[in-house]
2 protein chains.
Amino acid sequence: MDKPPRQTKHELFLNYKIWLSGLTGNGRISDTTFALLAKIKELGSIKLAAQACDISYRKAWGDIEEAEKMLEYQLIDKQRGGKDGGHSQLTPACLKLLEAYDALHQKFDDSVEAAFEDFRKAMLTKPTSE
Amino acid sequence: MDKPPRQTKHELFLNYKIWLSGLTGNGRISDTTFALLAKIKELGSIKLAAQACDISYRKAWGDIEEAEKMLEYQLIDKQRGGKDGGHSQLTPACLKLLEAYDALHQKFDDSVEAAFEDFRKAMLTKPTSE
DNA sequence: AAACGATATGCATATTTTTACACCTCGAAA
DNA sequence: TTTCGAGGTGTAAAAATATGCATATCGTTT
């Protein structure tokens, strides 16, 4: 789920993770949840998306429930029943959120790139105090 | 330990965490470990620093060991024995690392501020697809 | 050489997070 | 009206993390 980290001297890598939370702090929409949403958009099913993301259906469902409770709006239009059992698709609000998050993530990547480059350079200099 | 998150519409907050890892991925130097190192620098003792950071000595020691194993160089000069029992101080290499990390974190904060502002604005617009 | 207190370490016990599994619900299509 | 398979839900098991506790080690100071 996490982006492949960047290397520096001493075989050191920088990693990061971002997530959204509500006021109370309990409840979060993590990277993995967004990945799940993206897969639901692609595959049209929570079950298939969970499999694709290599997490249990139970966790997938719980994460979505938590996110919807936190945001206080629907992320997914869920259709149950039918010969095919059912299917799911993202709500317009969810698509918007997903887009905004993707853009946010991209900006993060760029920023991290720059910041880590400075870090790498700093690690090549002598310490200011002994 | 994590920075206080920023708010947007829907009482939404952005959180993030950064950490360093080695090649294998097992082993990490987290924000809390850097905070611990900073406290050791300030207090001259792993025990006191662990108390100040509100973590167990056991965890503090484990985190340091893990970090040193990962980096393959000493972060702390540990002195055992003596009337006072012993004390610890950061190595020059650790001081350098700490400085570089602090700068990295600051740049990160600034970038996050800007990126989240864009995110917040994006969330106020209509979705591109229905 | 005895004492003191922080470093050092194993291990058993929480706590948190994730998975596994059982079982029910739904409703279009056969 | 029966069937089918995904949606939906509780709960126990498992895995990953963190904590607590006991105990040994070290070496300067007294």
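Bear in mind the structure is a predicted one, so any value in this text is a computation, not a measurement. In what follows, chains carry the letters A, B, and so on, assigned in the order in which the sequence lines appear, proteins first and then strands, with residues in each chain numbered from 1.
- As a whole-Å value, the separation of A/Ile76 CD1 from D/dG8 P is 9 Å.
- Between A/Lys78 atom NZ and D/dT9 atom P there is a gap of 8 Å when expressed in whole angstrom units.
- Two residues are said to be in side-chain contact when any heavy atoms from C-beta on lie closer than 4.5 Å; A/Asp118 and B/Leu104 fail this criterion.
- Projected onto DNA chain D by closest heavy-atom contact, A/Arg80 and B/Gly85 fall at different nucleotides, the more 5' of which corresponds to A/Arg80.
- In this structure, a donor-acceptor pair under 3.5 Å is present between the side chains of B/Asp110 and B/Gln106.
- Using a 4.0 Å cut-off between a side-chain N of Lys or Arg and a carboxylate O of Asp or Glu, A/Glu66 and A/Lys69 do not qualify as a salt bridge.
- Computed from coordinates, the B/Leu36 CG to D/dA18 P distance equals 13 Å when rounded to whole Å.
- Among the atoms of the strands shown, base atoms are found under 4.0 Å from some heavy atom of B/Gly82.
- Listed by residue number, B/Ser45, B/Ile46, B/Lys47, B/Tyr57, B/Arg58, B/Trp61 are the residues of residues 44-64 of chain B with a heavy-atom contact under 4.0 Å to DNA chain C.
- By the salt bridge (Lys or Arg N to Asp or Glu O under 4.0 Å) test, B/Glu65 pairs with no residue at all, sequence neighbours left out.
- With sequence neighbours excluded, the residues satisfying salt bridge (Lys or Arg N to Asp or Glu O under 4.0 Å) with A/Lys78 are A/Glu68.
- Rounded to a whole Å, the CD atom of B/Glu66 is 13 Å from the C1' atom of D/dA18.
- Evaluation of the side-chain hydrogen bond (donor to acceptor under 3.5 Å, both in side chains) rule for B/Lys47 yields no partner, not counting sequence neighbours.
- Criterion: ILVMFWY side-chain heavy atoms under 4.5 Å apart, direct or through other members. Under it, B/Leu43 and B/Leu37 are not part of a common hydrophobic cluster.
- Remark: A/Asp77 engages no residue in a side-chain hydrogen bond (donor to acceptor under 3.5 Å, both in side chains) (not counting sequence neighbours).
- When rounded to the nearest whole Å, the span between CG of B/Asp84 and C1' of D/dT25 equals 15 Å.
- Along DNA chain C, the nucleotide nearest to B/Lys83 and the one nearest to B/Ser88 differ in position, and the one closer to the 5' end is contacted by B/Lys83.
- Remark: the A/Tyr16 side chain and the A/Asp109 side chain contain an N/O donor-acceptor pair separated by less than 3.5 Å.
- Look at CD on B/Gln79: it is 14 Å from C1' on D/dT29, rounded to the nearest Å.
- Running 5' to 3' along DNA chain C, contacts with non-hydrogen atoms of chain B at under 4.0 Å begin and end at C/dC4 to C/dC11.
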